[in-house]
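Here's the structure we're looking at; comments come further down.
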Amino acid sequence: MSCNGKWHSKRFSWGMSSFMLVAHISNAARNLGSHYGNQEFNHMFNKCLQGYCETELEFQSIWDDLLAKFNLTGNPWLMTLYNLRAKWCPLFSRHIFTARIKSSQRSESTNNVFHQMSTKTMSLTQFVHHYDKQAEKMRSSELEESFRCNQGLPSRIAKSSGILNHAATVYTRKIFKLFEKEFVDSLAVMMHEVGSDGTIHSFELNEEGHSRVYLVQLNSFNHTISCSCKMFESMGLLCRHALRVLNVKCWSQIPKQYILKRWTKDAKKELEANEHGELLQVNGKSSVTLRRNALMRTTYDVLSKAAETKATTRIAVKKLREMEELIEKEMIKSKGEVNQKTSDNVVDCNASGCTFDETPVLNPPCVRPKGISNARLKSAMEKRRKRTSKDTVSSSMKVPCLVLLFTISYY
């Protein structure tokens, strides 16, 4: 396995472990009893759980105070949870790229998509048709967003800022808005240089109104920068602290090693080609969609350059007409070959006695279980009310029946 594959495997295993532990942590109320209802306990516990601590020393201090204050030092559930802290506390995973997505968000978003297009009574073929429509809709939305990203630069708060202009040029619209927010927030960060050896510069920064200090190191030789908040490692974007240092040091562009291709407008430029440079082959409708999207992105760049002058425009129009003629000839040629191949297959089939009738795709046989319907599930109160009304009706009918039996027996 390649290094990239090992990294994906590590991230996947960490995500699965984190997801299982989050489900385990949801049982805190049962294992902690009355402590879980205490507001102060919840505040300290959630501070450790949600990763609001910036350093391992701060996490350890809050955890020890929590155990001592509420006399939970020997609690076996908390001891197990502490031993697995690297799996559930975000503080210990900031060096891993997660795009700030929680382990449960992926399943929640998937469930949301499937909930909108499926019901319990939907057949298998209906589900497949709805799935295809939903996938086509999502691809269309993504294509429209890609088109909008290529329609010039987005609006910027400071049009004269070199870093912002560079970010608007390379990033997609949504990522640029996140970057712009960090850039604006960097204006409220106070910076003090605490050390320098000529190449490596160290800075201490803190945001106005907050006492927490962040450490930033800038290497002016190889153009690298790092921050103790680890935002780039986990999110892939430079944080407000690093941007503050770059801005004060008069940098007009983002260092190229800090621009992830997955966040840029050109992220899909080479996705259509495999390692041999050939277009990916996908059966059916998806292959047409992939080829169309690839052609649209390529032609958009070429035609944008051609529109700059009248001479290049004339060249583009001339070549487009020539290309159209070539494509029509190729389509006529391909159509003739397909017809010839079809006729040959018909002759062969007639000779061998085969037929073109195909077995239709049908839903698998299914029987609705007893009591299962698509109606809304009733609450316990509604079921109790219905049961009570039935008992009342049955008891009211017993009296006339007894009277009738007594009358018959008397006569």
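Small disclaimer: the values here were computed from a predicted structure and weren't measured.
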Are the side chain of [X] and the backbone of [Y] linked by a donor-acceptor contact shorter than 3.5 Å?
{"X": "His166", "Y": "Ile254", "result": "yes"}
{"X": "Glu182", "Y": "Arg240", "result": "yes"}
{"X": "Ser252", "Y": "Gly162", "result": "no"}
{"X": "Ser220", "Y": "Thr199", "result": "yes"}
{"X": "Ser186", "Y": "Phe183", "result": "yes"}
{"X": "Arg85", "Y": "Tyr82", "result": "yes"}
{"X": "Asn46", "Y": "Asn42", "result": "yes"}
{"X": "Ser234", "Y": "Thr98", "result": "no"}
{"X": "Ser161", "Y": "Ala158", "result": "no"}
{"X": "Thr313", "Y": "Ala306", "result": "yes"}

Open item on the list: I'd like to know whether Val189 forms a side-chain contact (heavy atoms from CB on, under 4.5 Å) with Glu208, so could you lay out the CA-CA distance, the side-chain angles of the two residues, the decisive distance to 0.1 Å, and finally the verdict.
Closed with: CA-CA 6 Å; Val189 176; Glu208 293 184 9; over 6 Å; no
Open item on the list: Using the rule given for side chain to side chain donor-acceptor pair (under 3.5 Å), can you reason through Arg212 versus Asn206, listing the C-alpha separation, both sets of side-chain angles and the distance that settles it, and then say yes or no?
Closed with: CA-CA 6 Å; Arg212 180 167 290 153; Asn206 68 294; over 6 Å; no
Neighbour count >12 (heavy atoms, 6.0 Å) for atom [atom1], [X]:
{"X": "Tyr300", "atom1": "OH", "result": "yes"}
{"X": "Lys177", "atom1": "NZ", "result": "yes"}
{"X": "Met190", "atom1": "CE", "result": "no"}

For residues [X] and [Y], determine if any side-chain heavy atom of one lies less than 4.5 Å from a side-chain heavy atom of the other.
{"X": "His201", "Y": "Gln217", "result": "no"}
{"X": "Leu237", "Y": "Tyr258", "result": "no"}
{"X": "Leu205", "Y": "Leu215", "result": "no"}
{"X": "Thr264", "Y": "Ile259", "result": "yes"}

Task: Aromatic plane relationship, Phe70 with His35 - under 30° parallel, 30 to 60° tilted, over 60° perpendicular - done: perpendicular
Task: Criterion side-chain contact (heavy atoms from CB on, under 4.5 Å) on Glu233 and Lys230, from CA distance to verdict - done: CA-CA 5 Å; Glu233 287 79 358; Lys230 303 286 186 183; 3.9 Å; yes
Open item on the list: Glu322 vs Lys319, test: side-chain contact (heavy atoms from CB on, under 4.5 Å). Steps then yes/no.
Closed with: CA-CA 5 Å; Glu322 294 177 1; Lys319 294 299 180 182; 3.6 Å; yes
Open item on the list: Let's go through Leu78 and Phe45 carefully: what are the C-alpha distance in whole Å and the side-chain angles of both, what is the deciding distance for side-chain contact (heavy atoms from CB on, under 4.5 Å) to 0.1 Å, and is it a yes or a no?
Closed with: CA-CA 11 Å; Leu78 286 177; Phe45 185 69; 4.2 Å; yes
Any chance the side chains of [X] and [Y] put a donor and an acceptor closer than 3.5 Å?
{"X": "Asn222", "Y": "Thr224", "result": "yes"}
{"X": "Ser123", "Y": "Gln126", "result": "yes"}
{"X": "Glu180", "Y": "Tyr171", "result": "no"}

Measuring from atom [atom1] of [X] to atom [atom2] of [Y], what distance do you get when rounded to the nearest 0.5 angstrom?
{"X": "Ile163", "Y": "Cys250", "atom1": "CD1", "atom2": "SG", "result": "9.5 Å"}
{"X": "His210", "Y": "Glu207", "atom1": "NE2", "atom2": "CD", "result": "6.0 Å"}
{"X": "Ile225", "Y": "Leu218", "atom1": "CD1", "atom2": "CG", "result": "5.0 Å"}
{"X": "Gln253", "Y": "Trp251", "atom1": "CD", "atom2": "CH2", "result": "10.5 Å"}
{"X": "Thr55", "Y": "Glu58", "atom1": "OG1", "atom2": "CD", "result": "5.0 Å"}
{"X": "Asn247", "Y": "Leu164", "atom1": "CG", "atom2": "CG", "result": "8.5 Å"}

- [ ] Take Glu324 and Arg321, measure what salt bridge (Lys or Arg N to Asp or Glu O under 4.0 Å) needs, and give me the verdict at the end.
- [x] CA-CA 5 Å; Glu324 185 180 9; Arg321 288 173 180 170; over 6 Å; no
TODO: Would you confirm whether the ring centroid of Phe92 sits within less than 6.0 angstrom of the ring centroid of Phe59?
DONE: yes
Task: SB check Glu145 Arg148 (cutoff 4.0 Å) - done: yes
- [ ] Kindly indicate whether a cation-pi arrangement holds for Arg173 with Phe176, taking the cut-offs as under 6.0 Å to the six-membered ring centre and within 45° of the axis.
- [x] no
Task: Partners meeting side chain to side chain contact (heavy atoms under 4.5 Å, CB included) with Asn71 (sequence neighbours left out) - done: none
Task: Partners meeting salt bridge (charged side-chain N to carboxylate O under 4.0 Å, His left out) with Glu330 (sequence neighbours left out) - done: none
